[in-house]
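Below is one structure, written out as structure tokens, with a few remarks after it.
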There are 2 protein chains.
Amino acid sequence: MADWLTADEQRAWRRTAAVFTLLPAALDAQLQRDAGLTQFSYLVLAMLSETPGRTMPMSELASMVSSSLSRLSHVVSRLEKQGWVARGPCADNGRVTMARLTDAGWDKVVATAPGHAAEVRRLVIDAVGPDHIADLDEIAGAILRRVDPGGRMRANPLSQGC
Amino acid sequence: MADWLTADEQRAWRRTAAVFTLLPAALDAQLQRDAGLTQFSYLVLAMLSETPGRTMPMSELASMVSSSLSRLSHVVSRLEKQGWVARGPCADNGRVTMARLTDAGWDKVVATAPGHAAEVRRLVIDAVGPDHIADLDEIAGAILRRVDPGGRMRANPLSQGC
DNA sequence: CGTGCACAGTTGAAGCATCAAGTGTAGCGT
DNA sequence: ACGCTACACTTGATGCTTCAACTGTGCACG
């Protein structure tokens with residue numbers, strides 16, 4: 001095929017695209033092997049574990065993990081069957097349902113986090129090296145601004161009430 | 001949860017992880033909408049389109065698109081049903097099967113490539129800016145070396161015979 | 001009030017990915 | 001020539017993701 005990108009651009013994109021297939025697979029493999037979790041389901045547990053009260057409305061959780069509500073609902077159903085998350089209504093507002101990390105879920109996160117963090121460090125942080133973490137952050141931020149102009153992906157929860 | 005990464009590292013990784021969920025989704029959305037293709041199936045067609053003779057052994061194709069042979073086999077089955085790829089035996093070697101891009105498949109790539117390349121440019125290349133393409137390339141390369149130590153992901157095909 | 005509409009969430013079906021198991025061919029040693 | 005292992009796939013089942021359709025709640029407007 002003809003080049004719609006310059007040679008340099010194409011080379012960088014090819015490599016980047018390869019990373020986009022191989023890195024998630026590698027991280028998923030580690031989590032699956034050691035914890036029986038998907039990267040995504042781990043992220044859900046981790047987000048809940050960091051919020052005060054370990055409780056959050058489904059829709060807020062969905063925006064924090066950048067997923068559709070539908071996907072989150074399916075995943076939380078599975079996590080609920082495992083006993084790691086519990087769902088309940090919200091007193092202040094009849095149409096939100098709250099997801100809460102159970103004690104067993106907390107234990108699961110505590111047991112899983114070190115191994116996962118180590119893998120992230122090994123494959124990403126140490127790979128790019130301390131001098132280039134800032135570059136990575138900047139590049140990721142630049143792409144995010146294009147991909148997610150609405151600027152969801154807030155860093156810290158802002159739930160109140162309930 | 002406690003931090004297993006420093007604050008800077010964690011911030012960079014969070015953003016990077018967000019890109020890893022949103023960018024593939026955005027690219028898939030464009031391809032699905034405009035061409036009814038997955039990013040992955042497009043990549044398969046594109047790789048075939050660039051190889052001399054538009055023909056390649058399945059296993060070589062698999063390594064070029066960083067996938068398992070199983071995944072590729074399923075995808076090529078679907079592409080074959082659409083009439084974009086044809087499979088056939090290899091004269092020189094009874095256990096390889098060759099995948100060939102049909103004329104219809106070539107037309108499909110030609111019709112699809114510009115829109116896809118434009119989206120890659122818009123969301124990635126232009127986002128990081130010309131001054132940082134080299135950084136992106138370097139970072140992707142560094143991560144690839146960890147994730148794929150075997151060093152597959154060759155840039156150009158090396159098929160001969162058949 | 002009550003009608004309409006938007007929001008929050010769930011559910012079922014369909015598609016794609018992954019895993020384990022299977023087929024058939026090459027090449028090697030004896 | 002025989003079996004043996006390794007390779008190059010293919011296939012079927014299972015699980016996760018996506019999509020469209022549905023339920024039920026809050027809110028605004030007449």
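Values reported hereafter were calculated over all heavy atoms of this structure, with side chains retained and with hydrogens, waters and symmetry mates removed. Protein chains get the first letters and strands the later ones, always in sequence-line order, with residue 1 at the start of each.
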Candidates [options] - which lies nearest the side chain of [X]:
X	options	answer
A:Ser59	C:dA8, D:dA8, C:dA17	C:dA8
B:Arg95	C:dC7, D:dT17, D:dA6	D:dA6
A:Thr38	C:dT18, D:dC16, C:dT10	D:dC16
B:Pro57	C:dT10, C:dA17, D:dC9	D:dC9

Take the protein atom [atom1] of [X] and the nucleotide atom [atom2] of [N], then report the distance between them rounded to whole Å.
X	N	atom1	atom2	answer
A:Gln32	D:dC16	CD	C1'	10 Å
B:Arg78	C:dG15	CZ	C1'	7 Å
B:Met98	D:dC9	CE	P	9 Å

How about B:Glu9 and A:Pro130: do any of their side-chain heavy atoms sit closer than 4.5 Å? no

Does a side-chain N or O of A:Arg71 approach OP1 or OP2 of D:dC19 to a distance below 4.0 Å, or not?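 No, A:Arg71 has no side-chain N/O under 4.0 Å of OP1/OP2 on D:dC19.
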
What's the separation between atom CG in A:Leu43 and atom OG in A:Ser66, rounded to the nearest 0.5 Å?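 Reported to 0.5 Å precision, the distance equals 8.0 Å.
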
5' priority, DNA chain D, between B:Met58 and A:Ser70 [closest heavy atom]: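 Whichever sits nearer the 5' end wins; that is B:Met58.
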
Position toward the 5' end of DNA chain D (nearest nucleotide), A:His74 or B:Thr97: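 Of the two residues, B:Thr97 wins.
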
Is the shortest distance from a Lys or Arg side-chain nitrogen in B:Glu50 or A:Arg14 to a carboxylate oxygen in the other one below 4.0 Å? yes

